[in-house]
Each structure stands twice: as C-alpha cells, then as structure tokens.
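Beneath this line is the structure, given in structure tokens, with notes to follow.
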Amino acid sequence: MSDSTVAGVEISKPDKVLFPDDPPRSGSVTKLDLARYYDSVADVMLPHLRGRPVNMERFPDGLGGFSFYEKKVPSHFPDWVHTVEVATAQDPQRQVVVDDRRSLVYLAQQACVTPHTWLCTTKALDQPDQLVFDLDPSDDDLAKVRKATRMVGELLDDLGLTTYLKTTGSRGYHVLVPLRPRLGFDEVRDFAHRCAELLVEKAPDLLTVEVRKAKRGRRVYVDVARNGYAQTAVPAYAVRARPGAPVSTPITWDELSRVPPTKYTVRTVGRRLAAKPCPWRDVRRHAQSLARADRALRGSGR
DNA sequence: GGACGAG
DNA sequence: CTCGTCCAACGCACG
DNA sequence: CGTGCG
Ligand SMILES: [Mn+2]
Ligand SMILES: [Mn+2]
C-alpha cells in the first residue's frame, strides 16, 4: 500500500477511480493519481493560479457521478487555503485562491478535477490581467478550429500584442494576452468582441460569435464572453473532466498544426515538460497595455 | 467530500 | 458508530 | 421576464 500523503495533504480513498479506463487500456486515473499530477506540475502551474479567485469543478464520485461547480469556500476548508471576498450581484462571497502547492493538492483531495480561474487577481479584482479568446468548434473539423485560432493570433499580432497559445484539453484552443490590469472587464470584453466581429467579417463561413448553438452551424465559435466580470477560463495545466484526463497544455504557435486539443494528459504532460520548458514560462513578464492595440483596431474600422 | 441528525 | 440525507454557481446575451 | 450557454 503506497503512501497516500501528497505535499503534506492526506488523500482519502486514494484508490478511488475518478477517470475510468477510457479510452480502453489508457489506464484509469485515481484520486491519488490526480493529487500526484497536480503536485508534479505545481511549479509550472502555480504562476498562473496565484492570486486568482477560483471556481471549483468537483467530481466526488468520478466522471460518472454527480458533479458541481463550487464558488463559495466550504466551511470545512482549512485556514491555510487562501481566500478572497468578491462582489456578486447579491452579497459579497468568499472564494478560494490557490497560492501554493499544498492548496492545489488539497483541491484534488476535494475531487476538484478542474479549478476554473478568474481573469484577474486579488490585487485588482475589477481589472483583468488576462484577455482570453476561447475557440470552440461546432463539429469535429480540426482544420477549422486551427485556422480560426491562427486568425486570432495573426490579428492580435498585427495589433502589436504578444500572444500565448494552449490546448484546452477539450475541443479547442485558448489564445491569451497577458495584460497590465488597467481597464475594466467591460472595456476588455468589448475590445475582444470587436476583434471577434472583425474576424467574423473576414471569414463569415468559418467563424461566428452567435451565442445560440443552433445559429452557429458548423462554424467555430469565438467565445469572448470569458472576459466578463466573474467569468473564468481553464488555467494552464488544468485537468479536464473528460475521458483520458486530458490537460490544457501551453504550446508554441509552431505546434498548433501538429498538436490536437486533447494531445496531452495527466499521464503525458510530465514527459513533455521534461523534454522542453513551458512555452508560457515568461507570461508574467509580458503584461501589456491594450491602448495601442485598441487605437489600431479602431483605425481599421472597429 | 463532508456535516449532521436519526437510529 | 453507521447510515441516510443534504448541500455544493452565476453572469450575461438573446428571444 | 425566461432560457441557453460556458
Ligand atoms: Mn472552449
Ligand atoms: Mn460522497
């Protein structure tokens, strides 16, 4: 019987299967596996988690069981897990902030498969430090979502912004622009929305900003609603609640054409990180202002 | 997953 | 002590 | 207002 303490956190029911052996022979993933995974990527993941309010997506009985999002800090959480009070339409609520390895592993012990993070930090809860474009395909055509992702990257590049790319571990990709926290959520979301509309104008058969699925057809949905207040995105190295325990993995723009969205999993991310450094390791050194980009965008009619 | 109340 | 029950989100676009 | 959506 192996030790079931990870980063100082006792893992209860360590052998409980959270991800069944699906696809067959890929191997099941237990609670202990999940805790060890998050422990193993903590160094590279924590920079993307620190200071951010978290919505926990929890699966106490595994992928097949009942799951839920949890925003308020449960009363049984230990006091060493950091928290922050955030405003909601109703009362202010206290949410979890993952600032250290032990807290990350503790969330795994809580069967939190995916921590979803706000696009701001406690230092400025009303001013996002990330801009995210979430590319969601409406069908299984990988070429289309790649083309769409490439177009987002090229536009942002034309606007003078440095971008970062990752797989979502689900069906698409995320493009991230690290920001200096200056503008409010509404302003950043509006910038993203104008970018998206410009792209839809360029490629109306490939892209859409339609919220209603029925109206999307087979087009790639450019989801910019992630950029609103109290909205979240899956952070780098988060595990997704999907067969095979795929991981949202930072990649280079060169890799876009070769790496499908579910390429890396809890079982394979370690090998990748051993072979090459994380492409997002300097994200925090590239916090940018949207001012110039916004002027350029308005100059091109948006 | 954990708190809590009934048995 | 064991077992069953209960609880664990929300902002926003759109019709 | 209710509903779909992520
Ligand atoms: Mn997505
Ligand atoms: Mn349970």
Side-chain angles (χ1 to χ4, degrees), chain A residues 4 6 9-18 30-32 34-35 53-78 81 83-96 103 105-120 125-126 128 130 132-138 145 168-174 184-190 192-194 196-197 200 208-217 219-235 238 240-242 248 261:
Chain A
S4 52
V6 179
V9 177
E10 173 71 20
I11 304 302
S12 67
K13 302 186 184 179
D15 299 327
K16 185 168 195 171
V17 173
L18 295 185
T30 65
K31 254 185 85 182
L32 184 59
L34 184 72
V54 166
N55 296 357
M56 297 174 282
E57 186 183 6
R58 297 179 54 194
F59 293 77
D61 295 306
L63 287 212
F66 180 79
S67 69
F68 56 95
Y69 284 84
E70 189 157 36
K71 305 177 81 164
K72 292 190 285 290
V73 184
S75 55
H76 63 84
F77 266 41
V81 173
T83 65
V84 64
E85 187 119 310
V86 300
T88 75
Q90 298 297 312
D91 317 297
Q93 297 290 6
R94 194 156 277 281
Q95 292 200 207
V96 165
S103 299
V105 173
Y106 182 76
L107 290 206
Q109 155 59 20
Q110 293 298 304
C112 172
V113 168
T114 314
H116 298 253
T117 46
W118 288 33
L119 306 196
C120 63
L125 286 168
D126 294 313
Q130 301 182 327
V132 172
F133 290 82
D134 174 21
L135 288 305
D136 291 334
S138 299
V145 69
T168 62
S170 181
R171 289 158 45 75
Y173 300 90
H174 283 169
F185 279 97
D186 290 353
E187 295 164 289
V188 173
R189 194 223 283 112
D190 182 65
H193 191 240
R194 283 181 283 118
E197 290 198 312
V200 169
T208 178
V209 290
E210 292 286 355
V211 176
R212 288 304 219 260
K213 282 185 171 183
K215 290 195 160 193
R216 292 181 198 165
R219 295 171 292 183
V220 176
Y221 177 47
V222 186
D223 180 6
V224 295
R226 311 288 86 232
N227 297 288
Y229 178 76
Q231 300 303 300
T232 61
V234 167
R240 306 308 305 277
R242 303 178 66 88
S248 180

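So you know, we letter chains A, B, ... as the sequences are listed, proteins then strands, and number each from 1.
Using a 4.0 Å heavy-atom criterion, one finds that A:Thr88 contacts the sugar-phosphate atoms exclusively. Among the protein residues, A:Ala225 comes within range of no part of the nucleic acid, since none of its heavy atoms lies under 4.0 Å from any strand. Base engagement by A:Phe66 is indicated by at least one non-hydrogen atom pair under 4.0 Å involving a base atom. A:Gln109 comes within contact range of the sugar-phosphate backbone alone, with a heavy-atom separation under 4.0 Å but no base atom that close.
Distance CG (A:Asn227) to C1' (C:dG11): 13 Å, rounded to an integer number of Å.
One P atom belongs to C:dA8, the other to B:dC4, and the distance between them is 14 Å to the nearest Å. Distance noted for atom P between C:dC7 and D:dG6: 28 Å (whole Å). The same atom, P, is picked in D:dC5 and in C:dA9; the two are 23 Å apart, to the nearest Å.
Minimum atom distance to the side chain of A:Lys13 is reached by B:dG1, of the listed C:dA8, B:dG1, C:dA13. Closest to the side chain of A:Tyr69, out of C:dC14, C:dA9, B:dG1, is C:dA9. Of the candidates B:dG2, D:dG6, C:dG15, B:dG2 carries the atom nearest the A:His76 side chain, counting heavy atoms from C-beta on. Side-chain proximity of A:Lys71 to the nucleotides C:dG15, C:dA9, D:dG6 is greatest for C:dA9. Nearest nucleotide to the A:Arg189 side chain, out of C:dG11, B:dG1, C:dA13: C:dA13.
Under 3.5 Å, the side chains of A:Arg94 and A:Thr83 contain a donor-acceptor pair of N or O atoms.
Once rounded to the nearest 0.5 Å, the distance linking CD of A:Gln231 with CG of A:Asp223 reads 9.0 Å.
Note: A:Trp118 and A:Tyr229 have perpendicular aromatic rings, judged against thresholds of 30 and 60 degrees for the angle between ring planes.
The environment of NZ in A:Lys13 is sparse: at most 12 heavy-atom neighbours from other residues, nucleotides or ligands sit within 6.0 Å.
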